[in-house]
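Input: one structure, supplied below.
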Amino acid sequence: MKRAKVTAWGMAICFLLIHVLMIMIFIQCGVTPMAKFNVFSISFYIVMLFVVYKEWLQFYAVAVYLEVVAHMVLAALLTGWGSGFQITLIGMNVLAFFAEYTGRTLKIKYVRMMPMCILGMFFYLFVYVYLHFHPAPYVLPAKAEFWLSLLWGVIVFVITMFVLQFLVIIANKSEEQLEYQLSHDKLTGLPNRYYLTNHLEKLQRKNDEYWIAISDIDDFKKVNDTYGHNCGDYVLKSVGEILSDRGALCCRWGGEEFLFVGKTSEIPDAFEFLEKIRKEIEQRDFEHEGTHFKVTMTFGVSSSAGKKVFDTIRDADEKLYLGKHSGKNRVITKKHTVENMISQVQDPLTRVKNKAAFEKSIESLNMDIKHGAAGFGIVLVRLKNVDEINEKYGQDKGDEYILGACKLICGVFINSQVYRAKATEFAVVIAGRDFYEREELMAELSDVFGKSIENGDNNPWHRYQVSIGMSVYDENDKDVSGVIGRAEEQVLKGLEQ
């Protein structure tokens, strides 16, 4: 609107000065009717300055167009075709369509200028035909006609060039903005998959060696569930700012995932490059609406050497997956390293996480409690007769008994992490959706174990006798031990029954 008002003011002032010049010319040449008309025109454009100030742009565009048409038609009829006044009717068409474009852009009321321009062209032809049969009553000196024709030609040329150049600039900026919106993520401002595809195609055509890293914000769902989606958007935007302009292309791959592409010739050590970013994110204090919390990221890296783009991305994604299941908050470049890490936190029998992983989870939960961001529950499931199964049916059946019970637990708590905390006890950290549906899930868990016992067709090692306890974090709990203690009390009561 500001730009439109400045343009309208500029046009009104220019037309005002032109009419001041015209009134002097008409007085000098003795064309009294046009001298009087220009007095009206000067007053008219003074009023138009106020009209623009009030932002009545629709009225301004129509009024100016009609004034110019009336002035130029009357001037041409009185002074003849040679004076060149009719040329301005062509130039005004350009301004008319520019005015309509401005109205559409500002989303204000506007008048379709096509009918008015057709009207202007009608008057242009009318003046030519009329003067062909009726000579003009006033004859301007040849010198005046020369300079007036030259003046109107220059004015029309300048107006046309100004408007067309202006529209070219607008169109170019609009295309650039559209291209940017098409190729960049709105929230983070980072390039998106569309941009990345073109970038990778260029690298392949040049046969440049590169590496790809896929990264993921650890426990991002927990951030959304605990602090809300506005906080999640804040985290994504903040992480995007950290990842941008690091020397390697970074795009938002989707959700909470980001993808890096770096030329090996420019950044030969991808691990060192990403490890620096990982530490920076880990050490940053995130704050949203007065709440402080920490965020970490896991990275999976793959080199393009001897691989196609799709295979490189898939390899990086597999390493990211391994990193997420081996403790998170790390940069993974070699699979065998990850597999060793996984073996340290994974129970070899059930393939769920082991006691060491449960202890690390407790550390994380204690950190949440410390920052006032805790919202979780602990479910303990203890198997009652493992020793009896081992003695009667052998160690293999005992292992099958433990494994089968684990599968039932994982089948109920599909959105939570399950741990084999002890030889005959499983622990579940319930959060997110499972946390809110915990009562229904506990009833389902009791039901599936009860059915395994009631089913007479089941072998003894498929009849799972368990004692279950659940406790939810309370704001009076200083750490996780209080929550676990209450769950253990329920387990002990179940064992006594």
Side-chain angles (χ1 to χ4, degrees), residues 172-218 220 232-233 235-281 295-326 328-338:
N172 185 59
K173 286 186 176 180
S174 297
E175 289 183 1
E176 290 178 353
Q177 184 178 8
L178 182 61
E179 177 67 23
Y180 181 86
Q181 292 174 346
L182 182 65
S183 61
H184 285 72
D185 175 58
K186 184 177 181 179
L187 178 61
T188 63
L190 294 173
N192 56 21
R193 288 195 179 203
Y194 170 80
Y195 185 96
L196 175 69
T197 301
N198 295 332
H199 181 75
L200 290 174
E201 287 178 355
K202 292 178 182 178
L203 288 178
Q204 282 191 308
R205 285 197 296 267
K206 295 179 181 179
N207 292 322
D208 290 335
E209 187 174 335
Y210 57 90
W211 52 264
I212 288 178
I214 300 180
S215 59
D216 181 276
I217 300 176
D218 297 328
F220 183 72
D233 289 345
V235 170
L236 288 171
K237 186 175 181 180
S238 300
V239 169
E241 292 173 354
I242 296 173
L243 301 183
S244 63
D245 300 325
R246 305 294 299 220
L249 173 67
C250 177
C251 76
R252 186 177 179 188
W253 188 237
E256 64 270 25
E257 288 189 340
F258 299 84
L259 188 145
F260 285 89
V261 179
K263 290 185 179 180
T264 306
S265 59
E266 297 176 356
I267 306 176
D269 193 337
F271 176 84
E272 181 181 352
F273 172 80
L274 296 170
E275 180 67 9
K276 182 178 179 181
I277 296 175
R278 185 196 65 77
K279 290 180 179 179
E280 182 178 339
I281 294 173
V295 170
T296 61
M297 291 190 74
T298 302
F299 300 78
V301 191
S302 178
S303 172
S304 67
K307 295 193 292 287
K308 295 181 179 180
V309 172
F310 176 79
D311 294 329
T312 306
I313 293 176
R314 183 177 59 184
D315 185 49
D317 194 48
E318 289 176 356
K319 290 175 180 175
L320 170 64
Y321 177 82
L322 292 172
K324 299 291 282 188
H325 290 78
S326 62
K328 305 177 184 178
N329 189 27
R330 58 191 61 199
V331 179
I332 305 300
T333 57
K334 296 180 180 179
K335 288 184 179 180
H336 70 271
T337 303
V338 181

Legend entry - Lys307, NZ atom: more than 12 neighbouring heavy atoms under 6.0 Å: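 Yes, NZ of Lys307 has more than 12 neighbouring heavy atoms, counting only those of other groups under 6.0 Å.
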
Inset, instruction - Check for a donor-acceptor pair, side chain of Thr333 on one end and backbone N or O of Val301 on the other, with a separation under 3.5 Å. - result: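 Not at all, since once roles are kept as given, no pair shorter than 3.5 Å links the two residues.
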
Legend entry - Asp233/Lys237 ion pair, N-O < 4.0 Å: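 Between Lys237 and Asp233 there is no salt bridge, as every charged N stays at least 4.0 Å from the carboxylate O atoms.
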
Legend entry - Which atom of Ser302 lies closest to which atom of Ala316, heavy atoms considered: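 Looks like CB-N, 3.6 Å.
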
Inset, instruction - Taking all heavy atoms of Asp208 and all of Ser304, pick out the closest pair and write down the distance. - result: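 Nearest pair, atom of Asp208 first, then Ser304: O-OG, 4.5 Å.
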
Legend entry - Distance, nearest 0.5 Å, that separates OG of Ser215 from CG of Leu274: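 Separation between the atoms: 8.0 Å.
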
Inset, instruction - Considering non-hydrogen atoms only, spot the tightest contact between His184 and Gly189 and give its length. - result: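 Nearest heavy atoms, His184 then Gly189: CD2-O, 3.3 Å.
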
Inset, instruction - Could you check whether the rings of Phe260 and Phe299 sit parallel, tilted or perpendicular, using 30° and 60° as the cut-offs? - result: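 Because their plane-to-plane angle lies in the 30° to 60° range, the rings of Phe260 and Phe299 count as tilted.
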
Legend entry - Gap separating the CG atom of Asp317 from the OG1 atom of Thr312, nearest 0.5 angstrom: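 One finds 12.5 Å between CG of Asp317 and OG1 of Thr312.
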
Inset, instruction - State the NZ-CG distance between Lys319 and Asp315, to the nearest 0.5 angstrom. - result: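 Taking NZ in Lys319 and CG in Asp315, the distance rounds to 4.0 Å.
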
Legend entry - Exam field: side chain Trp211 to backbone Phe271, donor-acceptor pair closer than 3.5 Å: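 The answer is no, because no donor-acceptor pair under 3.5 Å joins these two groups.
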
Inset, instruction - Could you tell me whether the side chain of Leu236 reaches within less than 4.5 Å of the side chain of Ile217, counting heavy atoms only? - result: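 Yes. Closest side-chain heavy atoms under 4.5 Å.
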
Legend entry - Greater than 12 external heavy atoms within 6.0 Å of Tyr321's OH: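 No.
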
Can you list, pair by pair, the side-chain donor-acceptor contacts under 3.5 Å of residues 243-258, counting residues two or more places apart and other chains?
from: Ser244; atom 1: OG; to: Gly240; atom 2: O; distance (Å): 3.4
from: Ser244; atom 1: OG; to: Glu241; atom 2: O; distance (Å): 3.0
from: Arg246; atom 1: NH1; to: Ile242; atom 2: O; distance (Å): 3.1
from: Arg246; atom 1: NH1; to: Glu280; atom 2: OE1; distance (Å): 3.0
from: Arg246; atom 1: NH2; to: Glu280; atom 2: OE1; distance (Å): 3.1
from: Arg252; atom 1: NE; to: Gly255; atom 2: O; distance (Å): 3.0
from: Arg252; atom 1: NH1; to: Asp185; atom 2: OD1; distance (Å): 3.2
from: Arg252; atom 1: NH1; to: Asp185; atom 2: OD2; distance (Å): 3.1
from: Arg252; atom 1: NH2; to: Gly255; atom 2: O; distance (Å): 3.0

Inset, instruction - Verify, without hydrogens or angle tests, whether Arg330 (side chain) and Lys328 (backbone) share a donor-acceptor contact under 3.5 angstrom. - result: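 Looks like yes, one N/O pair under 3.5 Å.
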
Inset, instruction - Would you mind checking if Glu176 and Lys173 are paired as a salt bridge, meaning a charged N to carboxylate O distance below 4.0 Å? - result: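 Not counted as a salt bridge, because no side-chain N and carboxylate O are separated by less than 4.0 Å.
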
Inset, instruction - Measure from the side-chain N and O atoms of Thr298 to the backbone N and O of Asn329, and report whether any donor-acceptor pair falls under 3.5 Å. - result: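 At least one qualifying donor-acceptor pair exists.
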
Inset, instruction - Taking all heavy atoms of Asn192 and all of Leu182, pick out the closest pair and write down the distance. - result: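 Where Asn192 meets Leu182 most closely, the heavy atoms are ND2-O, 2.9 Å.
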
Legend entry - 4.5 Å side-chain heavy-atom contact, Ser303 and Glu209: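 The answer is yes; the side chains approach within 4.5 Å.
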
Inset, instruction - Before accepting this row, confirm whether a basic side-chain N of the pair Asp311/Arg314 lies closer than 4.0 Å to the acidic partner's carboxylate O. - result: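 Arg314 and Asp311: salt-bridged.
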
Inset, instruction - Decide if atom OH of Tyr195 counts as having more than 12 heavy atoms of other residues, nucleotides or ligands within a radius under 6.0 Å. - result: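 Not more than 12 within 6.0 Å, no.
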
Legend entry - Point-to-point distance, once rounded to the nearest 0.5 Å, from CG of Leu203 to OH of Tyr210: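 Interatomic distance, Leu203 CG to Tyr210 OH, rounded to 0.5 Å: 6.5 Å.
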
